[in-house]
Amino acid sequence: MEIKFFDTKEKKKTVFKPIDLKEIKLYVCGPTVYDRAHIGNARPAVVFDVLFRFLRYNFGKNCVTYVRNFTDIDDKINKQSMDTGRSIKSITDETIKWYKQDMLQLNVLEPSKSPRATEFVGAMIKQISILINNKNAYQDDTGHVLFSTRSFPDYGLLSHRKLDEMNFGSRVAVSDNKRDPLDFILWKPSDEKTPGWDSPWGRGRPGWHIECSAMIHELLGESFDIHGGGIDLVFPHHENEIAQSCCSYPKGGFANIWMHNGFLQIEGEKMAKSSGNFFTVQDLIQMGVNGEVIRMVLMLTHYRQPLDWTRQRVSDASKVLNKWRLLCAGKRASKSPASSVLAALADDLNTPKAFAELHELASAGNYSELLSSAQFLGLMEQDLNEALPTIQLSDFETKKIKSLLRKRFEAKKVKDFVTADQIRKKIERVGIILQDKSDKTEWSLSPNFNRKKMKDL
RNA sequence: GGCCUGAUGGCAGAGUGGUGAUGCACCGGAUUGCAAAUCCGUUUACAGCGGUUCGAUUCCGCUUCAGGCCUCCA
């Protein structure tokens, strides 16, 4: 099967050719850990989880190395620590724990490696030293180390910008310590209150971009297959990563393919903390939105498109999942997912197309492939029975319902439909669904089941 | 100001140079005492204006609108 991915740098779909079939290497920029993961954080996690699953299927479970970092050095974290008096370690440890729990709810697989920036400061210092030696970086007299952007001729190839067209300084004052407005910080000094590490340039901390370059070099080497992240990272973060890495390790090719997921909107509005249309994965789960439903909504739109998060889509997704669950109940999953679904994913992870194929499988009655394909996408994995409401009725309550149903059955027998319908309404008000079959009436608890109303029966 | 992306039926959302996905909703029908579920079927689209072509929703140009990036951001 030919696999194609859209490469941000080439601006077109390109055939995926692994560097080494024995180890496919994937790196994705993970979260900065200072707060609960919001729904926008969840999108890349799910998108690249689909990619991870797909690569593992195609090239072998043990032949894919997926690295997703935790950024635990950041001025937002520092600020929170100052504001709350909590230690940085306690903040980042807790946030990482939350993140892992949340991603588990979304059925996102653990990456092969989840390095933390703080574990790689030594590697960053080493790389910065190389850059200074290579004359790609310089130290100013205030303890900053800056990357000399114009020393890298290919700067701008990823984000398709020309250096001279960039209107730097128009919105942000250019610091005096930069020799060129395009230069960016590799290392900055820390005061007493701010976390810092000893370095050849004094006590300080790394700039944001260098961590990914250093971790990639340590964990994946000089060349790797796919680098992913949110579209907002293309410039400057990924552009800067390329510059740093290619200048410090010029023999390597860094990332072969760049994949970026689109942004998320809420009910048609830009997601922003300031405007209040913002929620975390945990908020959604507390509201009763199943993690599986969240995952499905995130896959319902192609990963490169903007995704509008609406109540409508949440309810659509949950309706479809319920339907599929009923269809697949008691069925065994086929050994491999449907080839139509795999083909959709092979075409730049076309998950909406994959769902269309799932619908085809459902209407064709091919439930075992429907189940295995859904599971391949990270859905319908838990025991089908466990997903249904787990409320247990007492014997007394069960007897009560059964006796009412018997009364109704007798009424129906003598064609007393008025009584039969009264009993139906009464039972349905409690949140119990009745289904008349030719010889009996089946009943089940709906999601709206209200135990308190059982008294009224 | 610079750069970039997108505009598909009531809604969501793929895709394609010529047989108009898929889901939800709607409508009609089957089934049902009723209801639910299920099944069958119908209808509705490619922002606008030009160009290329035998033929464009699909390629090119312009216009309009929307969004993003250029500052921390997934």
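It should be emphasised that the depicted structure is a prediction, and the values quoted were computed from it without experimental measurement.
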Report task. List the steps and the verdict of side chain to side chain contact (heavy atoms under 4.5 Å, CB included) for Leu434(A) and Glu442(A). Result -> CA-CA 6 Å; Leu434(A) 296 188; Glu442(A) 290 180 355; over 6 Å; no

Query raised in the report: Going through the distances and angles, do Arg325(A) and Glu292(A) end up as a salt bridge (charged side-chain N to carboxylate O under 4.0 Å, His left out)?
Result: CA-CA 12 Å; Arg325(A) 278 193 183 288; Glu292(A) 179 183 45; 2.8 Å; yes

Query - Verdict with supporting geometry, Phe235(A) and His238(A), ring-ring contact (aromatic ring centres under 6.0 Å, His included) - result: CA-CA 6 Å; Phe235(A) 188 89; His238(A) 289 161; over 10 Å; no

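Residue order along RNA chain B, read from the 5' end via each residue's closest nucleotide, puts Lys13(A) first among Gly229(A) and Lys13(A).
Following rounding to the nearest Å, Glu239(A) (CD) and C3(B) (C1') show an atom-to-atom distance of 12 Å. A straight line from OH of Tyr303(A) to P of A14(B) spans 12 Å, rounded to a whole angstrom. Glu428(A) places its CD atom 11 Å from the P atom of A35(B), with the value rounded to the nearest Å. Arg304(A) places its CZ atom 19 Å from the P atom of G68(B), with the value rounded to the nearest Å. The interatomic distance linking Tyr155(A) (OH) with C3(B) (P) rounds to 17 Å, in whole Å. Distance, Asp347(A) CG to A14(B) P: 12 Å, rounded to whole Å. Distance Asn350(A) CG to A21(B) P: 16 Å, rounded to the nearest Å. Between Trp309(A) atom CH2 and G67(B) atom P there is a gap of 22 Å when expressed in whole angstrom units.
Under 4.0 angstrom from either OP1 or OP2 of A25(B) there lies at least one side-chain N or O belonging to Lys319(A). Dashed line: the shortest gap from a side-chain N or O of Lys425(A) to OP1 or OP2 of A35(B) is not under 4.0 Å.
A heavy atom closer than 4.0 Å to some atom of RNA chain B occurs in Ala356(A), His359(A), Glu360(A), these being the qualifying members of residues 356-365 of chain A.
Ring-to-base geometry places Phe263(A) in a stacked arrangement with A74(B) (centre distance under 5.5 Å, plane angle under 30°).
Within the 4.0 angstrom heavy-atom criterion, base atoms lie near Leu434(A). Nucleic acid contact for Lys323(A): sugar-phosphate only, since backbone atoms but no base atoms lie under 4.0 Å from a heavy atom of the residue. In this structure, Lys11(A) reaches the sugar-phosphate backbone alone: every heavy-atom distance under 4.0 Å involves primed, P, OP1 or OP2 atoms, never a base. When heavy atoms are screened at a 4.0 angstrom cut-off, Lys415(A) is found touching no nucleic acid atom at all. Thr32(A) comes within 4.0 angstrom of sugar-phosphate atoms only, judged by non-hydrogen atoms across all strands, and of no base.
Here, G20(B) and C60(B) have their C1' atoms 23 Å apart, quoted to the whole Å. Using atom P as the reference point in both G68(B) and U57(B), the two lie 30 Å apart (nearest Å). Using atom P as the reference point in both G10(B) and G48(B), the two lie 13 Å apart (nearest Å). Across the P atoms, C40(B) and G51(B) are found 46 Å apart, a figure rounded to whole Å. If you take atom C1' in G18(B) and the same atom in A74(B), they sit 42 Å apart, rounded to whole Å. One C1' atom belongs to U42(B), the other to A30(B), and the distance between them is 15 Å to the nearest Å. Comparing A47(B) with U58(B), their P atoms sit 7 Å apart, to the nearest whole Å. G13(B) and G6(B) have their C1' atoms separated by 14 Å, with the value rounded to a whole Å.
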Identify the pairs formed between an N or O of the protein and an N or O of nucleotides 10-13 of chain B at a distance under 3.5 Å, and give each distance.
residue	atom	partner	partner atom	Å
A12(B)	O3'	Arg313(A)	NH2	3.0
A12(B)	O2'	Arg313(A)	NH2	3.0
G13(B)	OP1	Arg313(A)	NH2	3.0

Atom pairs, protein N/O to nucleotides 28-33 of chain B N/O, distance under 3.5 Å:
residue	atom	partner	partner atom	Å
G33(B)	O6	Arg408(A)	NH2	3.1
G33(B)	N1	Asp421(A)	OD1	2.9
G33(B)	N2	Asp421(A)	OD1	3.0
G33(B)	N2	Asp421(A)	OD2	2.5

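A 4.5 Å side-chain heavy-atom check between His227(A) and Leu220(A) finds every atom pair outside the cut-off.
Between Arg116(A) and Asp93(A) a salt bridge is recorded (basic side-chain N to carboxylate O distance below 4.0 Å). In this structure, Asp102(A) pairs ionically with Arg36(A), as a charged nitrogen and a carboxylate oxygen lie closer than 4.0 Å. Taking 4.0 Å as the cut-off between side-chain N and carboxylate O, Lys188(A) and Asp75(A) count as a salt-bridged pair. Using a cutoff of 4.0 Å between basic side-chain nitrogens and carboxylate oxygens, Asp421(A) and Lys425(A) are not scored as salt-bridged. Taking 4.0 Å as the cut-off between side-chain N and carboxylate O, Arg86(A) and Glu94(A) count as a salt-bridged pair.
A distance of 10.5 Å separates CZ of Arg68(A) from OG of Ser112(A), quoted to the nearest 0.5 Å. Distance check, rounded to the nearest 0.5 Å: CD1 of Ile423(A) to NZ of Lys412(A) gives 10.5 Å. Between the CG atom in Asp72(A) and the CD1 atom in Ile77(A) there is a gap of 6.0 Å [rounded to 0.5 Å].
Across all strands shown, A37(B) remains unpaired; no Watson-Crick or G-U wobble contact has both distances below 3.5 Å. The partner of C62(B), taking Watson-Crick or G-U wobble pairs whose two distances both stay under 3.5 Å, is G48(B). Partner assigned to G67(B) is C4(B), using Watson-Crick or G-U wobble distances below 3.5 angstrom. Remark: G18(B) base-pairs with C54(B); criterion is Watson-Crick or G-U wobble with both hydrogen-bond distances under 3.5 Å.
Of all nucleotides listed (U5(B), A74(B), C69(B)), A74(B) comes nearest to the side chain of Leu233(A).
Without hydrogens or angle criteria, Ser372(A) side chain to Ser336(A) main chain gives a donor-acceptor distance under 3.5 Å. Distance alone, capped at 3.5 Å, places no donor-acceptor pair between the Thr14(A) side chain and the Glu10(A) backbone.
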